Number of protein chains: 2
Amino acid sequence: MARKTKAEAAATREALLDAAEEIFLVKGVARTSLEQIARHAGMTRGAVYWHFRNKADLFRAMLNRVRMPFQELVEEIGDPGLAEAPLEAVRLACLSGFERLERPRYRRVHAILIHHCEVFGDIDPLAMQNEMAEESCGALRDYLQCAARLGQLREDLSPELAAKLLQSMLGGLFHDWLRNHEQFSIVEQGMVLVETQLSLFSRQG
Amino acid sequence: MARKTKAEAAATREALLDAAEEIFLVKGVARTSLEQIARHAGMTRGAVYWHFRNKADLFRAMLNRVRMPFQELVEEIGDPGLAEAPLEAVRLACLSGFERLERPRYRRVHAILIHHCEVFGDIDPLAMQNEMAEESCGALRDYLQCAARLGQLREDLSPELAAKLLQSMLGGLFHDWLRNHEQFSIVEQGMVLVETQLSLFSRQG
DNA sequence: CGACAACCATACATTGACGAATGTAAAAAC
DNA sequence: GTTTTTACATTCGTCAATGTATGGTTGTCG
């Protein structure tokens with residue numbers, strides 16, 4: 001095959017990743033061959049093995065397009081008055097996260113990671129989920145501890161417990177929605193749940 | 001090979017299912033061959049193909065050993081005074097469910113279904129999870145509606161919303177614990193979360 | 001304006017899992 | 001006691017997927 005220009009080569013790389021997302025989501029990671037991915041992108045396996053060493057490498061590249069640490073969601077808001085309103089910061093961060101998840105690429109990749117892949121090669125999706133969970137839980141705990149210091153939490157509720165409650169609820173919602181996103185809108189439903197949960201946490205709930 | 005007695009044959013069938021559970025949990029369903037299952041049970045693939053038509057059939061048989069509908073958990077309690085205390089009924093049902101999950105067989109099979117298998121053959125684990133989720137959510141809604149009629153819920157909280165909140169929280173807890181059960185005890189941690197959530201729901205929280 | 005290396009297609013070798021066919025020895029049935 | 005069936009073990013053909021080696025253009029850089 002003839003050599004492509006650098007931009008064209010980068011485009012076929014993205015096309016391969018797009019095709020992988022779509023097929024992984026439908027057939028699962030284990031049951032999709034590199035041949036199917038290549039054909040769906042209008043290429044052959046040669047292109048795949050040029051851009052990626054193997055399926056695990058391709059999988060990692062797919063994940064790297066959608067990294068979304070929790071801290072980024074808060075910084076993304078950029079409101080400087082949030083240090084005194086940690087509960088509102090959590091609310092806005094959830095909103096920001098939900099809106100991102102509605103973008104097809106984010107939704108698909110997270111659905112694949114959580115619901116459509118097993119361990120394979122040197123990839124351990126459960127370990128990745130553990131990292132994500134611990135990171136978000138830690139961030140939530142920080143904000144709720146801050147809220148507790150400011151007296152914005154019920155006195156009979158420890159911030160650690162509230163953080164775990166909220167994190168479990170968010171995780172459950174996340175899983176449910178990723179299982180089939182057509183059942184409900186995660187922005188609408190999620191914000192209703194987050195707001196009622198936070199109002200139950202707050203002093204004058 | 002020599003023929004075994006009926007009891008011995010049933011025992012090897014169970015041994016094959018036990019072996020499948022253990023290996024599925026470690027290597028994932030897709031990456032374990034029937035050969036590995038048979039060898040781990042001290043048999044060969046011939047035994048597997050005698051007792052099961054194929055891998056999907058074996059998988060279904062594995063699931064059938066641990067069916068646990070939500071309603072059963074309530075009936076299992078058998079306390080007749082529960083019609084007037086629906087929140088307590090929910091609490092006890094959660095306790096009963098948590099205790100069951102700590103039994104290795106239940107824990108392993110659910111972990112496999114949720115975290116260690118993709119679609120394969122005519123098996124769709126996500127559809128099964130959907131059924132489980134809708135069933136438990138429906139049951140929770142019934143109990144919380146009952147609680148609302150009895151005036152045991154905060155007036156500013158609809159029972160439907162409370163049910164979704166609780167169901168999401170339980171689902172998140174469920175997923176987190178099944179991901180690695182050594183992180184915490186689901187009976188202890190789960191009951192703390194359920195009780196605080198229910199107390200936040202109740203009128204004099 | 002060459003020469004090289006990038007970009008991808010094609011062909012080939014290897015692996016390993018499945019499923020079916022067949023063998024067999026003992027338990028059940030009569 | 002003979003026959004039949006059960007409960008496996010063994011073997012083998014097939015096929016799909018992987019990985020590698022190789023070839024052929026054509027951008028791109030000195």
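Worth saying up front: this structure is predicted, and the values here are computed from it rather than measured. In what follows, chains carry the letters A, B, and so on, assigned in the order in which the sequence lines appear, proteins first and then strands, with residues in each chain numbered from 1.
The side chain of B/S33 sits closest to C/dA17 out of C/dA17, D/dA17, C/dA6. For A/R45, whose side chain is taken as the heavy atoms from C-beta onward, the closest listed nucleotide among C/dC18, D/dC8, D/dG19 is D/dG19. Among D/dG27, C/dC7, C/dA17, the nucleotide with an atom closest to any side-chain atom of A/T5 is D/dG27.
Between B/F24 and B/F59, the ring planes lie tilted relative to each other; the angle falls in the 30° to 60° range. The aromatic rings of A/W177 and A/H181 lie perpendicular to each other, with more than 60° between the two planes, well past the 30° mark.
Heavy-atom distances to DNA chain D give each of A/G46 and A/L34 a nearest nucleotide, and the one nearer the 5′ end belongs to A/L34. When each of A/R3 and B/A7 is assigned the nucleotide of DNA chain C with its nearest heavy atom, A/R3 is the one assigned upstream, toward the 5' end.
Between the side chain of B/Q197 and the backbone N or O of B/L166 there is no donor-acceptor pair closer than 3.5 Å. Using a distance-only test at 3.5 Å, with no hydrogens or angles considered, a donor-acceptor pair links the side chain of A/H115 to the main chain of A/H175. Here the side chain of B/H40 pairs no donor or acceptor atom with the backbone of B/Q36 at under 3.5 angstrom. Side-chain atoms of A/T5 do not come within 3.5 Å of backbone N or O of A/E8 as any donor-acceptor pair.
Between the CD atom of B/Q36 and the P atom of C/dG16 there is a distance of 11 Å, given to the nearest Å. Atom CD of A/E35 and atom P of C/dA11 are 13 Å apart (whole Å). The interatomic distance linking B/R39 (CZ) with C/dA17 (C1') rounds to 15 Å, in whole Å.
The stretch residues 47-65 of chain A touches DNA chain C through A/A47, A/W50, A/H51, each having a heavy atom under 4.0 angstrom from the strand. Residues of residues 115-122 of chain A having a heavy atom closer than 4.0 Å to DNA chain C: none are found. Remark: B/T12 in residues 10-26 of chain B come within less than 4.0 Å of DNA chain D through at least one heavy atom.
Expressed to the nearest 0.5 Å, how far CG of B/L173 lies from CG of B/L178 amounts to 9.0 Å.
Using a 4.5 Å heavy-atom threshold, the side chains of A/M132 and A/E135 count as separate. Inter-residue side-chain proximity for B/R141 and B/E160 is flagged as met; some heavy-atom pair is nearer than 4.5 Å. Between B/D176 and B/Q183, the closest side-chain pair of non-hydrogen atoms is not below 4.5 Å.
Atom CZ of A/R39 sits in a sparse spot, with 12 or fewer heavy atoms from other residues, nucleotides or ligands closer than 6.0 Å.
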